Amino acid sequence: MIKDKLLMNSDIRVRFAPSNTGHLHIGGARTALFNWFFARHHAGTAILRIEDTDRKRSTEKYYDAILEAFDWLGLEWDEGPYRQTQRMDLYQEAANKLLSSGAAYRCTCTPDEVNAMREKARAEGKTPKYDGTCRDRYDKDPNVPFCLRLRAPDAGETIVDDILAGEVVFENSQLDDMVIVRTDGTPTYNFCVAIDDIDMKITHVIRGNDHLSNTPKQVLVYKALEEPTPNFAHISMILGPDKKRLSKRHGADSVLEYKERGFLPEALINYLVRLGWSHGDQEVFSKEEIIANFSLENLNRSAAIFNPEKLLWLNQEYIKSADGDFLVESLDSGLKEQGLSPDLLTGKTRMGIVDELRTRSKTLTDMIEGARFFFENEVELDEKAAVKFLTPENSAIMLKLRDELTKIETFSTENVKLVFHRVMEEEAVKLGKLAQPVRVAITGGTTSPGIFETLSLLGKDRTIHRLDTALARINEK
RNA sequence: GGCCCCUUCGUCUAGCGGUCAGGACACCGGCCUCUCACGCCGGUAACAGGGGUUCGAGUCCCCUAGGGGUCACCA
């Protein structure tokens, strides 16, 4: 039974706290989503906090990229982005408080000495940890550099009450006297997190399972400061097909990369949320539906394997029902990127094109690829298709069709169809026999939307031109 | 290795003591069909193993195995 101490009120405050040492990856995005939907469901507050205390690896580039990713996803944060580097006074103040209360102490042991302790403990089969040498040692020489450690209890246990995992018990004997302020004066991660969560009045800490082991350390900070602990919910992680932690090795792992590949943010959100969360048998959810139905209780506790094929399927579902104007805009910008001019065809025609392509495209990239031939001046002939269909045997019927097509005044799908049927009847051939050579001549390949639609969308002049080009090619051979 | 978490079709999951174990992706058939798709119809496929508790266990308890996470003056 999952313990539920949730309230239906608007005092709920959650945060998503990535470090800007890399792009927002999909695992992080999913955690952010769970936080965001939880906040929205309860009409609470969603906060974005950037943990940029790692000065070696944090960059402004990634800071911007993370914000851009959320912008694309359409997630708006109620507070933030806060940055830890701008909150140093807060940590310093808390550290001083702990030092003066005796909860923390100065440690002058060098890293080498501490490592030696750990190795010794490990050799003796004990939990490797700092042995407390400096706990009760008063500073002798103020010039000796020191760090600050938090005194951890030697006996008893620290309990993390997790909404998903229940009560997780950690023996205090396993806990280390963790460093809260380094020798260089900078605060450490587990310390900053606790201080920030206290300061920001976070009520629910929803984060990846990999932080569960960190939690007792943070709880100790709360206790030392005599602050109540928040609710914790440690969610399962996303794994690759090999059951290893999802990473670049498994393909795209950054949110923005999915944007580049032609995914719709709604589809990514739907997929990510549905990975580990469910609401009966429903697969497709709008943002509003997720907000209405989201609850931590329905989160799955086990790790989930990322399945790109299902994402692709969902993406196509969203493309199929996407707003036409949006698809035309996507088409236009995609064509421009490839140096093609969308204006070659009218807006109405382009709308017709995306309508034909929406059931044939798993991504926007697919759609643009499928529309290319409409906008190229010369078709790129697929050699295999040309050899098979652009043959002397087919040239007579193609020529006849070409001549009939020139007589059409209104080059509509219906009229093109009528001409095809007339030629088929007179020549006693089936549609397939006529359509495939024409398709190759017009599109360069063997797959496209329906042949009548394709021709009418392309327009009379360009259709005739392409047929002529193909016929000339046959004659040359 | 210590500690912690997890375990239903290949994958995502429904299930909250009594179900022919349901849905979705993928896969395999079929229909539709000018190609490719879409759509529609159908199919293969799972409770990790072992002990308990119970009239009855996928559902509760224990053990084993497997997977994952974490053990820093990184975040």
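What you see is a predicted model; the values in this text were computed from it and never measured. Protein chains get the first letters and strands the later ones, always in sequence-line order, with residue 1 at the start of each.
Using a 4.0 Å cutoff on non-hydrogen atoms, no part of residues 423-430 of chain A comes near RNA chain B.
Nucleotides B/rG43 and B/rC34 place their P atoms 28 Å apart, quoted to the nearest Å. Across the P atoms, B/rA75 and B/rU70 are found 15 Å apart, a figure rounded to whole Å. As rounded to the nearest Å, B/rU13 and B/rU54 have C1' atoms that lie 29 Å from one another. Remark: the separation of the P atoms in B/rG23 and B/rG15 is 15 Å, to the nearest Å. Nucleotides B/rC55 and B/rU8, compared at atom C1', are 25 Å apart to the nearest Å. Going from the P atom of B/rA21 to that of B/rC63 covers 30 Å, rounded to whole Å. Distance check on atom P: B/rG42 versus B/rC25 gives 14 Å, rounded to whole Å. Of the C1' atoms belonging to B/rA57 and B/rG51, the separation is 13 Å, rounded to the nearest Å.
In this structure, a donor-acceptor pair under 3.5 Å is present between the side chains of A/Y318 and A/N270. A donor-acceptor pair shorter than 3.5 Å cannot be found between the side chains of A/R402 and A/S395. Under the 3.5 Å distance criterion, with hydrogens and angles disregarded, no donor-acceptor pair is assigned to the side chains of A/T365 and A/R261. If you check the side chains of A/N209 and A/S236, you find no donor sitting under 3.5 Å from an acceptor.
A/W77 and A/F16 have parallel rings, their planes meeting at less than 30° on a 0 to 90° scale where 60° marks the start of perpendicular. Ring orientation note: the planes of A/F294 and A/F37 are tilted relative to one another, at an angle of 30° to 60°.
Taking atom OH of residue A/Y130 and atom P of nucleotide B/rA72, one finds them 15 Å apart after rounding to whole Å. Separating the NZ atom of A/K388 from the P atom of B/rC34 is a distance of 16 Å, rounded to the nearest angstrom. Remark: P of B/rU70 and CE of A/M178 are 17 Å apart, rounded to the nearest angstrom. B/rC25 atom P lies 19 Å from atom CG of A/L272, rounded to whole Å. When rounded to the nearest whole Å, the span between CG of A/L357 and P of B/rU35 equals 18 Å. The CG atom of A/L275 sits 16 Å away from the P atom of B/rC25 (whole-angstrom rounding). Rounded to whole angstrom, the span from the CG atom of A/D162 across to the P atom of B/rC6 amounts to 9 Å. With rounding to whole Å, A/D242 atom CG is found 13 Å from B/rU11 atom P.
In this structure, A/T53 reaches the B/rA75 phosphate: one of its side-chain N or O atoms is under 4.0 Å from OP1 or OP2. Contact annotation: A/R301 side-chain N/O to B/rC5 OP1/OP2 distance is not under 4.0 Å. Between A/N307 and B/rA24, a side-chain N or O to OP1/OP2 separation shorter than 4.0 Å is absent. Remark: A/R149 is in phosphate contact with B/rC73, judged by side-chain N or O atoms under 4.0 Å from OP1 or OP2. An OP1 or OP2 oxygen of B/rA14 is reached within less than 4.0 angstrom by a side-chain nitrogen or oxygen of A/S278.
Geometrically, A/R87 engages A/Y82 in a cation-pi contact defined by less than 6.0 Å to the ring centre and at most 45° from the axis. Because its NZ or CZ atom is not both nearer than 6.0 Å to the ring centre of A/Y105 and within 45° of the ring axis, A/R149 does not count as a cation-pi partner of that residue.
Here the nucleotide nearest the side chain of A/Y189, chosen from B/rU35, B/rA75, B/rC3, is B/rA75. Side-chain atoms of A/K244 lie closest to B/rG68 of the nucleotides B/rG23, B/rC12, B/rG68. Listed nucleotides B/rG23, B/rG2, B/rC5 differ in distance to A/L212; the shortest reach to its side chain belongs to B/rC5. Comparing B/rA75, B/rG2, B/rC6 by their closest approach to the side chain of A/N190 singles out B/rA75. Ranking B/rC12, B/rU7, B/rA75 by closeness to the A/K310 side chain, first place goes to B/rC12. The listed nucleotides are B/rU70, B/rC73, B/rG23; the one nearest the side chain of A/P111 is B/rC73. Nearest to the side-chain atoms of A/H211 among the listed nucleotides B/rA75, B/rU35, B/rC73 stands B/rA75. Nearest nucleotide to the A/R118 side chain, out of B/rA75, B/rC73, B/rG23: B/rC73.
A salt bridge is defined here as a Lys NZ or Arg NE, NH1 or NH2 lying under 4.0 Å from an Asp or Glu carboxylate O, and A/E426 with A/K400 meets this definition.
Checked by distance alone, A/N209 brings no side-chain donor or acceptor within 3.5 Å of a matching partner on the base of B/rG69. A donor-acceptor contact under 3.5 Å links the side chain of A/E283 to the base of B/rG23. One can find a donor-acceptor pair under 3.5 Å joining the base of B/rC73 and the side-chain atoms of A/T183.
A/Y222 places a side-chain heavy atom less than 4.5 Å from the side chain of A/I198.
Summary of the strand contacts: A/A165 and A/A304 both lie near RNA chain B, and taking for each the nucleotide with the nearest heavy atom, the more 5' one is attributed to A/A165. Residue whose closest nucleotide on RNA chain B sits further toward the 5' end, between A/E51 and A/K243: A/K243.
Side-chain atoms of A/E427 do not come within 3.5 Å of backbone N or O of A/V429 as any donor-acceptor pair. At distances below 3.5 Å, not a single donor-acceptor pair connects side-chain atoms of A/D154 with backbone N or O atoms of A/S173.
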Could you list, one pair per line, each protein nitrogen or oxygen that sits under 3.5 Å from a nitrogen or oxygen of nucleotides 37-46 of chain B, together with the distance?
{"residue": "B/rA37", "atom": "O2'", "partner": "A/T359", "partner atom": "O", "Å": "2.2"}
{"residue": "B/rC38", "atom": "O3'", "partner": "A/K320", "partner atom": "NZ", "Å": "2.9"}
{"residue": "B/rG39", "atom": "OP1", "partner": "A/K320", "partner atom": "NZ", "Å": "2.5"}

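Under the Watson-Crick and G-U wobble criteria, each requiring two contacts below 3.5 Å, nucleotide B/rG42 is paired to B/rC28. Across all strands shown, the partner of B/rG2 is B/rU70, judged by Watson-Crick or G-U wobble contacts whose two distances both fall under 3.5 Å.
Atom NZ of A/K287 has more than 12 neighbouring heavy atoms from other residues, nucleotides or ligands inside a 6.0 Å radius.
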